[in-house]
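Okay, structure first, notes after.
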Amino acid sequence: MPFRSVKEQLDVIKRNTVEIIPEEELEKKLEKSLKENKPLIVKLGCDPSRPDLHIGHGVVLQKLRDFQDLGHKVILIIGDFTAMIGDPSGKNKTRPPLTIEETKVNGKTYFDQASKILSEKNLEIRYNSEWLGNMTFSDVIKLASKYTVAQILERDDFEKRMESKTPISLHELLYPLSQAMDSVAISSDVEIGGTDQKFNLLVGRAIQEAYGQESQCIVTCELLEGTDGVEKMSKSLNNAICFTDSPKDIFGKSMSIPDALIYKYFTLGAMLSFEELTEIKKQLEDPSINPRNLKVRLGYELVKKYYDEESANYAQHEFETIFVKKEVPDDIPEFKLDAKEVKLVTLIKEANMASTSSEAIRLIKQGGVTIDGRKITDDKFVIKPEKDFVLKVGKRKFLKVLV
RNA sequence: GGGUAGGUAGCGAAGCGGUUAAACGCAUCAGACUGUAAAUCUGACGGCUUAUGCCUUCGGAGGUUCGAAUCCUUCCCUACCCA
């Protein structure tokens with residue numbers, strides 16, 4: 001398949017990226033690829049210890065997709081072997097290592113989710129245990145000799161951990177090197193990652209060179225803040241909009257982001273076209289337009305991107321019903337009640353509306369529980385239902401109880 | 001190898017023999033309010049079918065005591081300084 005001109009390709013590649021290092025080299029690679037009609041090898045490393053993808057990952061995956069659409073070959077590396085080390089980034093703590101089996105399962109999950117964005121064309125998946133698992137100790141020593149302690153310790157995470165006196169295990173220092181080895185193994189031309197991966201990606205360049213290869217170019221993408229607006233998006237920080245979230249959740253979570261983040265989410269999350277973004281920007285600056293309405297649009301666009309238009313409409317409708325009109329949504333889970341009478345606490349717990357009875361009691365006492373819209377604050381309340389009823393626990397848990 | 005400081009609930013961090021299920025902050029959840037699952041304010045925040053009751057928690061295991069997160073012994077783990 002014919003490639004587009006270098007300039008056109010660069011335009012696509014540059015969109016929503018932070019840095020291309022070094023840009024001239026990428027240009028040369030693209031020229032060469034065009035001349036020889038040979039696709040570039042584009043690498044993305046995936047961490048199977050955290051298989052829950054969120055829209056922050058979406059930014060990077062979309063970039064990968066761009067490369068696919070430009071006709072290049074994308075290799076997704078499932079870091080099943082490196083997961084046994086645990087990437088020291090993100091959390092300033094040593095991560096619990098995973099077994100190879102766990103990482104295999106997670107890798108599959110990762111891929112399933114990633115295919116919401118990636119195309120099947122021009123895609124290859126490799127597990128890095130394939131080559132890292134076969135390295136002998138002397139191979140490791142050879143690899144380790146290519147980089148210095150001072151260079152490794154330059155990495156931001158390590159520096160911070162040294163400062164705060166949190167432990168760094170020796171094997172964690174090897175993480176950037178093993179990731180670099182992946183680049184050597186597949187002779188990647190380009191590696192993509194979030195800006196937090198910059199260090200690792202650069203190590204890849206150095207190690208490839210040390211192994212007699214041409215260095216990869218690196219393309220970094222912006223990180224998306226989580227719904228709290230402060231920390232970067234991460235499942236463990238509970239501020240992530242995940243690929244696997246229900247349309248309802250994606251919508252609701254979008255509504256909960258701070259106003260300042262609206263534009264960024266439209267750009268990086270929903271990835272609207274340039275024209276649409278300009279329009280959004282204009283609306284954001286217009287004081288007569290309620291930012292809430294833009295968030296409604298955002299929620300809609302995100303659901304549309306990750307599900308479809310119908311789900312988006314539905315999620316929006318549900319949100320309006322529950323939170324604006326404060327009504328019961330159309331579609332709520334059902335629970336068949338067998339007994340003639342039951343304590344409310346028991347029912348809440350058994351229907352999984354609360355995880356413990358203490359929690360159920362708390363919810364009742366705090367006025368968070370209603371039956372058919374009637375607030376129940378007596379924690380000893382016993383239900384003797386004659387007909388079906390709707391139980392509401394907290395803000396957004398509904399249950400239709402069938403008698 | 002020598003020394004010092006530590007390991008407390010989801011996280012951070014007080015407490016250092018009794019009224020301590022354990023201050024405080026963050027996170028979480030609920031209520032009020034609203035433009036929203038935003039912000040703010042208020043409250044809850046170990047478990048038990050609910051009890052001025054019982055059970056389980058302060059790195060692990062023992063011990064002293066009427067009583068231990070707090071004292072002792074021992075083991076495990078971490079950081080820092082010196083070598």
Side-chain angles (χ1 to χ4, degrees), chain A residues 90-96 158 160-170 172 225-231 233-242 245-262 264-265 283-284 286-300 302-303 315-327 329 337 339 341-370 375-384 391-398:
Chain A
K91 252 193 161 171
N92 292 343
K93 243 185 195 176
T94 312
R95 277 193 197 166
F158 291 142
K160 280 198 187 118
R161 278 162 68 179
M162 294 288 276
E163 258 169 54
S164 66
K165 304 189 195 305
T166 29
I168 305 171
S169 298
L170 196 51
E172 292 181 84
E225 283 92 344
T227 51
D228 57 1
V230 184
E231 302 284 350
M233 191 174 283
S234 147
K235 173 104 181 196
S236 51
L237 290 173
N238 234 314
N239 62 5
I241 300 179
C242 296
D245 279 340
S246 65
K248 202 166 78 187
D249 280 339
I250 293 182
F251 193 92
K253 286 179 180 180
S254 308
M255 290 303 283
S256 81
I257 65 166
D259 294 352
L261 239 50
I262 295 177
K264 198 164 181 187
Y265 268 59
Q283 293 186 19
L284 272 171
D286 184 346
S288 73
I289 291 177
N290 188 337
R292 192 202 87 103
N293 298 334
L294 286 169
K295 284 207 259 186
V296 170
R297 167 92 192 276
L298 174 67
Y300 176 88
L302 283 174
V303 177
Q316 181 174 343
H317 167 73
E318 288 246 299
F319 189 87
E320 307 269 335
T321 308
I322 300 174
F323 299 107
V324 181
K325 298 188 197 139
K326 311 237 184 265
E327 285 169 7
L337 186 63
E341 61 171 70
V342 64
K343 283 184 182 171
L344 179 61
V345 172
T346 313
L347 176 64
I348 291 173
K349 191 183 155 194
E350 297 206 334
N352 282 324
M353 308 285 275
S355 50
T356 65
S357 9
S358 303
E359 195 182 318
I361 294 167
R362 246 179 265 139
L363 287 163
I364 296 171
K365 283 187 176 161
Q366 292 182 135
V369 177
T370 63
K375 193 177 276 188
I376 309 287
T377 46
D378 175 13
D379 58 300
K380 295 187 183 106
F381 190 81
V382 178
I383 306 167
K384 294 176 196 155
L391 177 68
K392 184 184 180 194
V393 177
K395 283 188 185 119
R396 50 203 159 107
K397 280 189 211 147
F398 292 89

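All chains are named by letter (A, B, ...) in the order of the sequence lines, taking the proteins before the strands, and each is independently numbered beginning at 1. Fair warning: this is a prediction, and the values are worked out from it, not measured in the lab.
Using a distance-only test at 3.5 Å, with no hydrogens or angles considered, a donor-acceptor pair links the side chain of A:Thr321 to the main chain of A:His317. Although no hydrogens or angles enter the test, the distance criterion places a donor-acceptor pair under 3.5 Å between the side chain of A:Thr356 and the main chain of A:Glu359. Put simply, the side chain of A:Glu172 gets close to the backbone of A:Ser169: a donor and an acceptor are under 3.5 Å apart. Between the side chain of A:Tyr265 and the backbone N or O of A:Lys295 there is no donor-acceptor pair closer than 3.5 Å. The closest donor-acceptor contact from the side chain of A:Lys397 to the backbone of A:Met353 lies under 3.5 Å. Proximity of a side-chain donor or acceptor of A:Ser246 to a complementary backbone N or O of A:Asp249 within less than 3.5 Å is detected.
Within 4.0 Å (heavy atoms only), A:Phe319 reaches at least one base atom of the nucleic acid. Contacts of A:Lys395 with the nucleic acid, taken as non-hydrogen atoms under 4.0 Å apart, involve only primed sugar atoms and P, OP1 or OP2. Counting non-hydrogen atoms under 4.0 angstrom, A:Val369 reaches nothing in the nucleic acid. Here A:Gly367 lies in heavy-atom contact (under 4.0 Å) with sugar-phosphate atoms only. At a threshold of 4.0 angstrom between heavy atoms, the contacts of A:Asp259 include nucleobase atoms, whether or not backbone atoms are also involved.
If A:Ile262 and A:Met162 are placed on RNA chain B by their nearest nucleotide, the residue sitting closer to the 5' end is A:Ile262. Residue order along RNA chain B, read from the 5' end via each residue's closest nucleotide, puts A:Asn290 first among A:Asn290 and A:Thr346.
Atom CD of A:Glu359 is separated from atom C1' of B:C48 by 14 Å (rounded to the nearest Å). A:Phe158 places its CZ atom 17 Å from the C1' atom of B:A79, with the value rounded to the nearest Å. Between the CD atom of A:Glu350 and the C1' atom of B:U49 there is a distance of 9 Å, given to the nearest Å. One atom, CG of A:Asn293, and another, P of B:A38, lie 17 Å apart when rounded to the nearest Å. Put simply, CG on A:Leu170 is 16 Å from C1' on B:A79, counting in whole angstrom units. Protein atom CD1 of A:Ile348 is 12 Å distant from nucleotide atom P of B:A30, rounded to whole Å. The nearest whole Å value for the distance from the NZ atom in A:Lys380 to the C1' atom in B:U52 is 11 Å. Rounded to whole Å, the distance from NZ on A:Lys392 to C1' on B:A30 is 11 Å.
Taking the P atom of each, B:C24 and B:C76 are spaced 37 Å apart, rounded to whole Å. Rounded to whole Å, the C1' atom of B:A44 lies 14 Å from the corresponding atom of B:A21. Nucleotides B:A69 and B:A79 have their P atoms positioned 28 Å apart, rounded to a whole Å. Using atom P as the reference point in both B:C58 and B:G62, the two lie 12 Å apart (nearest Å). Here, B:G12 and B:G17 have their P atoms 25 Å apart, quoted to the whole Å. With C1' as the reference atom, B:C55 and B:G2 are 46 Å apart, rounded to whole Å. A gap of 13 Å separates the C1' atoms of B:A68 and B:G15, to the nearest Å. Taking the C1' atoms as reference points, B:G7 lies 38 Å from B:G31, given to the whole Å.
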Practice prompt. Start with the C-alpha gap between A:Leu261 and A:Glu225, add the side-chain angles, then the distance that decides, and say whether side chain to side chain contact (heavy atoms under 4.5 Å, CB included) holds.
Written response: CA-CA 8 Å; A:Leu261 239 50; A:Glu225 283 92 344; 3.8 Å; yes
Worksheet entry | Steps toward side chain to side chain contact (heavy atoms under 4.5 Å, CB included) verdict (A:Ile364, A:Val345) | CA-CA 8 Å; A:Ile364 296 171; A:Val345 172; 3.8 Å; yes
Item to complete: Fill in the dot-bracket string of RNA chain B, one character per base: . for unpaired, | for a pair to another strand, ( ) or [ ] for pairs within the strand, taking Watson-Crick or G-U pairs under 3.5 Å.
Response: ((((((((.[[[..)..(.....]]].(((((.......))))).(((....)))...[[[[[..)....]]]]]))))))).
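A donor-acceptor contact under 3.5 angstrom links the side-chain atoms of A:Lys326 to the base of B:U34. At a cut-off of 3.5 angstrom, the base of B:A37 holds at least one donor-acceptor pair with the side chain of A:Asp249. Judged by distance alone, with hydrogens and angles left aside, A:Gln366 brings a side-chain donor or acceptor within reach of the base of B:G43, the pair sitting under 3.5 Å.
Residue A:Lys375 places at least one side-chain N or O closer than 4.0 Å to OP1 or OP2 of B:A32. Residue A:Thr356 places at least one side-chain N or O closer than 4.0 Å to OP1 or OP2 of B:C48. Side-chain N/O atoms of A:Lys253 include none lying less than 4.0 angstrom from OP1 or OP2 on B:A38. The phosphate of B:A37 has neither OP1 nor OP2 within less than 4.0 Å of any side-chain N or O from A:Arg292. OP1 or OP2 of B:C48 lies within a sub-4.0 Å distance of a side-chain N or O belonging to A:Ser357.
Candidate nucleotides B:C48, B:G35, B:A37 were compared by shortest atom distance to the side chain of A:Arg396, and B:A37 ranks first. Residue A:Ser358 places its side chain closer to B:G47 than to any other of B:A37, B:G47, B:U78. For A:Phe323, the side-chain atoms get nearest to B:A37 when compared with the rest of B:A38, B:A37, B:U49. If you check B:G35, B:C45, B:A51 against the side chain of A:Arg362, the one that comes closest is B:C45. For A:Leu363, the side-chain atoms get nearest to B:C29 when compared with the rest of B:G47, B:C80, B:C29. In this structure, the nucleotide among B:A79, B:G47, B:U49 sitting nearest to the side chain of A:Lys165 is B:A79.
For the atom pair A:Leu337 CG and A:Glu341 CD, the distance stands at 10.5 Å (nearest 0.5 Å).
A salt bridge is defined here as a Lys NZ or Arg NE, NH1 or NH2 lying under 4.0 Å from an Asp or Glu carboxylate O, and A:Lys248 with A:Glu320 fails to meet this definition.
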